[in-house]
Every structure is written in structure tokens, then in C-alpha cells.
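Data first, discussion second: the structure below is written as C-alpha cells.
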Amino acid sequence: MKNILFAALAMLCLTNFTYAQSPNKKDGNEANTEKMLLTIFLKHDQSMNLSEIEDVRTKQGFYKSFPPEGVSVVNWYVVMGIGQMVVLELPASKLRDVNLAIEKTAWKAFETEFYPTYDLYPLMEEKLDNKSKVSY
């Protein structure tokens with residue numbers, strides 16, 4: 001049940017982010033399509049309070065190394081009762097760098113879950129009768 005909730009929250013956060021799923025022609029060249037979205041749940045260790053979590057993250061260098069070079073933050077939310085949810089856009093080749101940054105600087109403060117995600121809305125929009133898109 002929790003996994004369904006996490007997936008639903010991730011998709012909710014992606015509603016205001018448009019991402020091309022197929023190659024676009026630009027001046028006769030195909031656009032770079034290797035980028036992906038990655039949703040990361042940073043689940044609070046509830047044995048620590050917020051100040052203790054923040055101390056661990058700071059001492060381990062989280063703010064200096066996350067996100068790694070070449071990785072963009074799309075959204076960063078607090079999910080009450082769970083922790084934080086970060087949506088990143090990155091080239092697939094940077095996936096290892098993101099994983100290492102989390103393992104080296106966020107562990108002890110958080111349990112982590114990773115979900116490769118993509119924006120299905122551009123494909124679904126064509127099928128929907130109501131073309132409006134809600135953005136918060």
C-alpha cells in the first residue's frame with residue numbers, strides 16, 4: 001500500500017514538469033533524449049528530531065555534494081509523516097553519481113527509496129477530452 005502511495009505522490013509532483021519522451025528534430029539533428037527523471041524519497045529517521053537530522057546531513061556534506069554536477073532539481077517537497085521527496089532530471093550516465101551522493105551524505109539521516117519516473121502527460125494529453133492541465 002505504501003508503494004502505491006509513493007508512486008501516486010511522485011506522479012502528482014511531476015504534473016507541472018514537461019519532458020519529451022521521443023526524439024525531437026531540431027535543425028535536422030535529433031535532440032539529446034538520454035535524460036531521465038528520478039524521484040527519491042528521503043524518509044525521516046524518526047528516532048531523531050529535525051535538528052539532529054540536519055546536523056547529520058550537514059556534517060556528511062550533503063549540501064555540498066547534492067545534487068551532483070549535471071543534475072537538476074525539478075521539485076523538492078516535504079511529505080508529512082514520510083520525509084522529503086526530491087525529483088531530479090539527469091542524464092542516465094549520472095545515475096551512479098546521484099546514488100553515491102545519497103549513500104555518502106544522506107544515509108544515517110534518512111532511509112532512501114529511488115523511483116525512475118517519466119512524464120506520461122504529453123502522451124495522455126492527446127487522448128484526454130479535457131485538455132486543461134492543473135499546475136500548483
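These numbers come from the heavy atoms of this one structure, side chains and all, not from hydrogens, waters or symmetry mates. No experiment lies behind these values; they were computed from the predicted model shown.
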Linking I/L/V/M/F/W/Y whenever any side-chain heavy atoms sit under 4.5 Å apart, do [X] and [Y] land together?
| X | Y | answer |
| --- | --- | --- |
| L100 | V71 | no |
| I82 | V78 | no |
| W76 | L50 | no |

Checklist entry - Between Y115 and F41, does the ring centre distance come in under 6.0 Å? => result yes
[X] [atom1] to [Y] [atom2] distance, which is reported to the nearest 0.5 Å:
| X | Y | atom1 | atom2 | result |
| --- | --- | --- | --- | --- |
| I102 | L42 | CD1 | CG | 5.0 Å |
| D45 | E111 | CG | CD | 7.0 Å |
| Q60 | W107 | CD | CH2 | 11.0 Å |
| I53 | Q46 | CD1 | CD | 8.5 Å |

Checklist entry - Pairs in or reaching into residues 56-76: which pass salt bridge (Lys or Arg N to Asp or Glu O under 4.0 Å), with residues at least two apart or in two chains? => result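 Of all non-adjacent pairs touching residues 56-76, those that pass salt bridge (Lys or Arg N to Asp or Glu O under 4.0 Å) are E54-R57.
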Item to check | Residue pairs, two or more places apart or on separate chains, that pass salt bridge (Lys or Arg N to Asp or Glu O under 4.0 Å) and touch residues 99-108 | outcome: none
Item to check | With sequence neighbours excluded, residues passing side-chain hydrogen bond (donor to acceptor under 3.5 Å, both in side chains) with D55 | outcome: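 Counting only residues at least two positions away or on another chain, D55 forms no side-chain hydrogen bond (donor to acceptor under 3.5 Å, both in side chains).
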Checklist entry - With E52, which residues qualify under salt bridge (Lys or Arg N to Asp or Glu O under 4.0 Å), at least two apart? => result none
Next on the checklist: Set out, in order, the CA-CA distance, both residues' side-chain angles and the distance that settles side chain to side chain contact (heavy atoms under 4.5 Å, CB included) for V86 and T39, then state yes or no.
Outcome noted: CA-CA 6 Å; V86 183; T39 301; over 6 Å; no
Restricting to non-hydrogen atoms, name the atom on [X] and the atom on [Y] that form the minimum distance, rounded to 0.1 Å.
| X | Y | value |
| --- | --- | --- |
| P116 | L38 | N-CD1, 3.8 Å |
| L37 | Y118 | CD1-CA, 4.2 Å |
| L88 | V74 | C-CG2, 4.1 Å |
| A101 | S65 | CB-O, 3.8 Å |

Item to check | Results of side-chain contact (heavy atoms from CB on, under 4.5 Å) for S51 - residues two or more places apart only | outcome: N49
Item to check | Residues forming a ring-ring contact (aromatic ring centres under 6.0 Å, His included) with F62, sequence neighbours excluded | outcome: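 ring-ring contact (aromatic ring centres under 6.0 Å, His included) list for F62, sorted by chain: F66.
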